[in-house]
S.K.: 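Input: one structure, supplied below.
Keep in mind that what you see is a predicted model, and the values were worked out from it rather than measured. In what follows, every chain begins at residue 1, and chains take the letters A, B, ... in the order their sequences are listed. In what follows, every heavy atom counts, from backbone to side chain, and hydrogens, waters and symmetry copies are set aside.
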Amino acid sequence: MALTIYNSYSRKKEEFKPITPGHVGMYVCGPTVSGESHLGHARPYVTFDVLFRYLQHMGYKVRYVRNITDAGHFEEEGREGVDKVSKKALLEKLEPMELVQKYTNLFHWAMHEMNCLNPTIEPTATGHIVEQQVMIKKIIDDGYAYESNGSVYFDVVKYSKSHDYGKLSGRILEDLLETTRKLEGQEEKRNLADFALWKAASPEHIMRWESPWGVGFPGWHIECSAMATKYLGPRFDIHGGGMDLLFPHHESEIAQSTICNDTPPVNYWMHNNMITVNGRKMGKSYNNFITLTEMFSGKHPLLTQPVAPMTIRFFILQSHYRSTLDFSAEALQSSEKAFKRLWESYELVKQLPVDNEKTGDEELNKKVLKWLDELEAFMNDDLNTAKVIANLFELVPIINGLRDKHIAKEALPGSTIKLMHQKMKIFIEDILGLQNRSISNHVIVRGIMGLIVNIRKEARSKKDFVTSDLIRDKLNELGIVLKDEKDGSVSWNQQ
RNA sequence: GGUCCUUUGGCCGAGUGGCUAGGCAAAGCUCUGCAAAAGCUUCUACAGCGGUUCGAAUCCGCUAGGGACCUCCA
């Protein structure tokens, strides 16, 4: 069964065929590290992390490139006024790399918390100024860019005469030429639709490099083209990012790269939809974003409690990546409970006996096998993680029922139980990248808890419920919940 | 204004023209020293109007609401 993915370029689902058999080149637009990442940013990184994991699961060797945008017009909020005063001592001034380092570290931390695998290459824009300049030179030499006042612009009008500018974003060039927006430096352009490859830096601009066109900094779109070309070649398989990057960012990327490399750069363009707040896109411009540190700590007016990183991951994966996903504290709470229930049942399946050889309930067995079989088909259908999770939940009452003896032990053969365990491991942990970060994984904690549980068991057997309830209540205060199971065993977990 | 998308039960969310996704919440029951879980049962929705079809949440049209991009944006 083949993986199909929705290609924004053709606006259709297409079967995925890599350029080089067995290998996949994938580029995802990374964060701009002039500020902290928010919940909205988490979506593409989780989405494409799942794609990265799934491609590897399929046996592909994947080169996953995700950039760090650390060049551009950077100002840290509240500091720009001070920083622009050049008389300040060096250490008092904003050092761009300091700012960039701070938010890069924070980003990496948040990614780790959400169990996103590291990309195989994570290039920075500042580390590839030379590559960008070489690319710009090539485009000028080819006659598709011009210098103006120390800046360099891409000639969109000329490009569109021989190429399909606007195809990806559904834009019509004539409309773009008539745009009434008044932007800085607009008079330097031949046409309003032209975009900057290199921008001259004003004296107070804190990020600046020498170039053949004067001191300046690279245009926003060129870094992705330069780094993708360098690490993935002129033409590669998958390019991902948020839908809001379709225009102008990705449209410009196509134009630049096409001129520079004589080929359209990407076979499959993938775009995730936005996370919304009350139906409105979460974003910088609307000032309705919640940073990931605020999410994890719960320190935000819209939150009633801290939101675990895994809850965010699960929340994102419960919807399809091309649909909008509406944020609310309630929705996240419901995800938290749901994930917990799924995980506990997954823990349980590992302990179910697998020695039964009969199939007592043919119908149930067939249903379970069907649910398991469908998991892969759902992933293959444009990464339908929502359906994968729905099927995993179908298994929950079955597993719990076997534990409670509600469903007879003989109902399902051991082979089915084993398969459930195996598939749940693959899909929950390896592909969806969900994990349990609670202290219950710690070997010493397990030992201590085993001891406490035994002491309590002893008390209960003597009907000393004062002691047994005290233990349970005190553990509860620490966030550990004990459950007396029907079969006399005791299970526990961290809230 | 242009281009495009969207509207699903109390809430969140999948949905390939026929076979009621799933989660959360709620109610009842079972189990249990108590509790917490868990299990069982109940809750059959697709913005409105019209059309195509044997059959429409799904296709088409119109109306209404919401949104995205056109500007930094995941």
S.K.: Hey, what's the ring geometry for Phe52(A) with Tyr64(A), parallel, tilted or perpendicular (30° and 60° as the breaks)?
M.R.: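 Rings of Phe52(A) and Tyr64(A): tilted, as their planes differ by 30° to 60°.
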S.K.: For Gly242(A) and Ser169(A), take the nucleotide of RNA chain B holding the closest heavy atom to each; which residue's nucleotide lies nearer the 5' end?
M.R.: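 Whichever sits nearer the 5' end wins; that is Ser169(A).
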S.K.: Roughly how many Å apart are rG1(B) and rC43(B), using the P atom of each and rounding to a whole number?
M.R.: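 The answer is 46 Å between these two P atoms.
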S.K.: What's the gap between rG10(B) and rG67(B) when it is taken at their P atoms, as a whole Å value?
M.R.: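 Pairwise P distance, rG10(B) against rG67(B), rounds to 22 Å.
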S.K.: Can you list, by residue number, the residues of residues 305-314 of chain A that have a non-hydrogen atom closer than 4.0 angstrom to RNA chain B?
M.R.: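 Residues of residues 305-314 of chain A that come under 4.0 Å of RNA chain B do not exist, since none gets that close.
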S.K.: Centroid-to-centroid, Phe154(A) to Tyr159(A), below 6.0 Å?
M.R.: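 So the answer is yes for these two rings.
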S.K.: Nearest to the side chain of Arg280(A), heavy atoms from C-beta on, is which of rG67(B), rA74(B), rG33(B)?
M.R.: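 Nucleotide nearest to Arg280(A)'s side chain: rG67(B).
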S.K.: How many whole angstroms separate atom CG of Leu192(A) from atom C1' of rU71(B)?
M.R.: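 Rounded to the whole Å, the gap is 13 Å.
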S.K.: On RNA chain B, compare the nucleotides closest to Ser335(A) and Val466(A); which residue's is nearer the 5' end?
M.R.: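 Between the two, 5'-proximity favours Ser335(A).
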S.K.: Under 4.0 Å from OP1 or OP2 of rC69(B): is there any side-chain N or O of Lys281(A) that close?
M.R.: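 Checking Lys281(A) against rC69(B): at least one side-chain N or O falls below 4.0 Å of OP1 or OP2.
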S.K.: For RNA chain B, produce a single dot-bracket line, 5' to 3'. Pairs: Watson-Crick or G-U wobble, both distances under 3.5 Å. Symbols: ( ) within strand, [ ] crossing, | other strand, . unpaired.
M.R.: (((((((..(((.....[...))).(((((.......)))))....(((((..]....))))))))))))....
S.K.: Using the C1' atom in both, what is the distance from rA68(B) to rC54(B), to the nearest Å?
M.R.: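 The same atom, C1', in both gives a distance of 40 Å.
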S.K.: Does Gly40(A) reach a base, just sugar-phosphate, or nothing at all? Heavy atoms under 4.0 Å.
M.R.: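 Base contact.
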S.K.: Would you please confirm or rule out a distance under 4.0 Å between OP1 or OP2 of rC4(B) and any side-chain N or O of Arg11(A)?
M.R.: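 Checking rC4(B) against Arg11(A), no side-chain N or O comes under 4.0 Å of OP1 or OP2.
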S.K.: For Lys370(A), enumerate each residue passing the salt bridge (Lys or Arg N to Asp or Glu O under 4.0 Å) test, keeping only those at least two apart in sequence or located in another chain.
M.R.: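 If we apply the salt bridge (Lys or Arg N to Asp or Glu O under 4.0 Å) test to Lys370(A), skipping adjacent residues, the hits are Glu374(A).
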S.K.: Could you tell me the separation between the CZ atom of Arg171(A) and the P atom of rC5(B), rounded to a whole number of Å?
M.R.: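 Going from Arg171(A) (CZ) to rC5(B) (P), I get 12 Å.
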S.K.: Mind checking Leu246(A) for me? I need base, sugar-phosphate or nothing, with any heavy atom below 4.0 Å counting as a touch.
M.R.: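 Contact class for Leu246(A): none.
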S.K.: Measure from the side chain of Thr32(A), starting at C-beta and using heavy atoms only, and say which of rA21(B), rG2(B), rA74(B) lies closest.
M.R.: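 It is rA74(B).
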S.K.: When you measure from the side chain of Lys337(A), which nucleotide among rU3(B), rG39(B), rC24(B) comes out closest?
M.R.: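 Looking only at heavy atoms from C-beta outward on Lys337(A), the closest nucleotide is rC24(B).
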S.K.: Does the side-chain contact (heavy atoms from CB on, under 4.5 Å) test come out yes or no for Trp343(A) and Ser345(A), once each step is laid out?
M.R.: CA-CA 5 Å; Trp343(A) 191 271; Ser345(A) 142; over 6 Å; no
S.K.: Tabulate atom names and distances for all N/O pairs under 3.5 angstrom spanning the protein and nucleotides 34-37 of chain B.
M.R.:
residue, atom, partner, partner atom, Å
rC34(B), O2, Arg472(A), NH2, 2.5
rC34(B), N3, Arg472(A), NH1, 2.9
rC34(B), N3, Arg472(A), NH2, 3.1
rC34(B), N4, Asp484(A), OD2, 2.9
rA35(B), N6, Asp484(A), O, 3.1
rA35(B), N1, Asp484(A), N, 3.2
rA35(B), N3, Arg472(A), NH1, 2.9
rA37(B), O2', Lys483(A), NZ, 3.2

S.K.: Looking only at heavy atoms, what is the nearest atom pair of Ala408(A) and Leu402(A), with distance?
M.R.: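 The pair with the smallest heavy-atom distance is O-CD2, 3.5 Å.
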S.K.: Can you tell me if Ser319(A) uses its side chain to pair, donor with acceptor, with the backbone of Phe315(A) under 3.5 Å?
M.R.: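 No, because the side chain of Ser319(A) does not come within donor-acceptor range (under 3.5 Å) of the backbone of Phe315(A).
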S.K.: What's the CD1-P distance between Ile398(A) and rA38(B), to the nearest Å?
M.R.: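 Computing the Ile398(A):CD1 to rA38(B):P distance gives 15 Å.
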S.K.: Where the side chain of Arg280(A) meets the backbone of Asn278(A), is there a donor-acceptor pair that is under 3.5 Å apart?
M.R.: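 Side chain of Arg280(A) to backbone of Asn278(A), a donor-acceptor pair under 3.5 Å: no, none is there.
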S.K.: With a 3.5 Å cut-off and just heavy-atom distances, do the side chain of Ser285(A) and the base of rC72(B) make a donor-acceptor pair?
M.R.: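 Answer yes: a donor N or O sits under 3.5 Å from an acceptor.
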S.K.: Dump every N/O contact between nucleotides 11-14 of chain B and the protein below 3.5 Å, one line per pair.
M.R.:
residue, atom, partner, partner atom, Å
rG13(B), OP1, Asp326(A), N, 2.6
rA14(B), OP1, His320(A), N, 2.9
rA14(B), OP1, Ser323(A), OG, 3.2

S.K.: Considering only atom P, compute the distance from rC4(B) to rU42(B) and round it to an integer number of Å.
M.R.: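 Pairwise P distance, rC4(B) against rU42(B), rounds to 46 Å.
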S.K.: I need the CD-P distance between Glu374(A) and rU16(B), as an integer number of Å.
M.R.: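 Rounded to the whole Å, the gap is 14 Å.
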S.K.: Rounding to the closest angstrom, what is the interatomic distance between rC69(B) and rU41(B) at atom P?
M.R.: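 rC69(B) and rU41(B) have their P atoms separated by 45 Å.
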S.K.: Check every strand shown and say whether Asn400(A) touches a base, only sugar-phosphate, or nothing at a heavy-atom separation below 4.0 Å.
M.R.: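 Sugar-phosphate only.
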S.K.: Strictly distance-based, threshold 3.5 Å: is any side-chain N or O of Ser252(A) a donor or acceptor partner for the main-chain N or O of Pro248(A)?
M.R.: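 It does hold such a pair.
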S.K.: Ring of Phe465(A), cation from Arg460(A) - is the NZ or CZ under 6.0 Å from the centre and inside 45° of the axis?
M.R.: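 Geometry flag: not set, cation outside 6.0 Å or 45°.
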S.K.: For the pair Lys423(A) and Asp373(A), find out whether any cationic side-chain nitrogen is under 4.0 Å from an anionic carboxylate oxygen.
M.R.: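 Salt bridge absent between Lys423(A) and Asp373(A).
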S.K.: Hey, could you give me the NE2/NE2 distance between His300(A) and His38(A), rounded to the nearest 0.5 Å?
M.R.: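 His300(A) NE2 to His38(A) NE2: 11.0 Å, rounded to 0.5 Å.
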S.K.: Base, sugar-phosphate or nothing for Ala338(A)? Non-hydrogen atoms, less than 4.0 Å.
M.R.: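 Sugar-phosphate: the residue Ala338(A), judged by heavy atoms under 4.0 Å, touches backbone atoms but no base.
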S.K.: For the base of rG33(B) and the side-chain ring of Phe465(A), does the geometry meet a stacking cutoff of under 5.5 Å between centres and under 30° between planes?
M.R.: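 Yes; by the centre-distance and plane-angle rule, Phe465(A) counts as stacking on rG33(B).
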S.K.: Can you give me the closest heavy-atom contact between His421(A) and Val349(A), atom names plus distance?
M.R.: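 What the structure gives for the nearest pair is CA-CG1, 3.9 Å.
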S.K.: Output the rounded distance in Å from CG (Asn273(A)) to C1' (rG66(B)).
M.R.: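 For the pair Asn273(A) CG and rG66(B) C1', the rounded distance is 13 Å.
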S.K.: Between rG28(B) and rA37(B), how far apart are the P atoms? Round to whole Å, please.
M.R.: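 About 16 Å, rounded to a whole number of Å.
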S.K.: Measure CZ/Phe247(A) against P/rA74(B) and give the value in whole Å, please.
M.R.: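 Those two atoms, CZ and P, are 17 Å apart.
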S.K.: Leu173(A) has an atom CG; how far is it from atom C1' of rG2(B), in whole Å?
M.R.: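 My rounded result for the distance is 14 Å.
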S.K.: Salt bridge check, Asp381(A) against Lys387(A): does any charged N sit closer than 4.0 Å to a carboxylate O?
M.R.: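 Looking at Asp381(A) together with Lys387(A), the answer is no, because their closest N to O distance does not fall below 4.0 Å.
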S.K.: For His38(A), answer base if it contacts any base atom (sugar-phosphate contacts may also be present), sugar-phosphate if it contacts only those atoms, and nothing otherwise; contact means non-hydrogen atoms under 4.0 Å.
M.R.: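 Since a base atom lies under 4.0 Å of His38(A), the category is base.
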S.K.: Does Asp194(A) reach the main-chain N or O of Lys189(A) with its side chain, forming a donor-acceptor pair under 3.5 Å?
M.R.: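 No; zero donor-acceptor contacts below 3.5 Å.
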S.K.: Remember a base hit wins even if backbone is also touched, and classify Met274(A) as base, sugar-phosphate or nothing at under 4.0 Å, heavy atoms.
M.R.: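 Counting heavy atoms under 4.0 Å across all strands, the contact made by Met274(A) includes a base.
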S.K.: Apply the test ring pair (Phe, Tyr, Trp, His ring centres under 6.0 Å) to residues Phe195(A) and His221(A): give CA-CA distance (whole Å), side-chain angles for both, the deciding distance (0.1 Å), then the verdict.
M.R.: CA-CA 9 Å; Phe195(A) 58 88; His221(A) 318 302; 5.4 Å; yes
S.K.: The criterion is side-chain contact (heavy atoms from CB on, under 4.5 Å); which residues satisfy it with Glu485(A), sequence neighbours excluded?
M.R.: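 Once residues adjacent in sequence are excluded, the partners of Glu485(A) under the side-chain contact (heavy atoms from CB on, under 4.5 Å) criterion are Arg403(A), Lys483(A), Asp487(A), Ser489(A), Ser491(A).
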S.K.: Between the side chain of Glu251(A) and the main-chain N/O of Ser169(A), is any donor-acceptor distance below 3.5 Å?
M.R.: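 Yes.
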S.K.: Atom CG of Asp244(A) to atom C1' of rC5(B): distance rounded to whole Å?
M.R.: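 These atoms are roughly 14 Å apart.
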S.K.: Across the strands shown, which category fits Phe107(A) at heavy-atom distances under 4.0 angstrom: base, sugar-phosphate, nothing?
M.R.: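 Nothing, no nucleic acid heavy atom in range.
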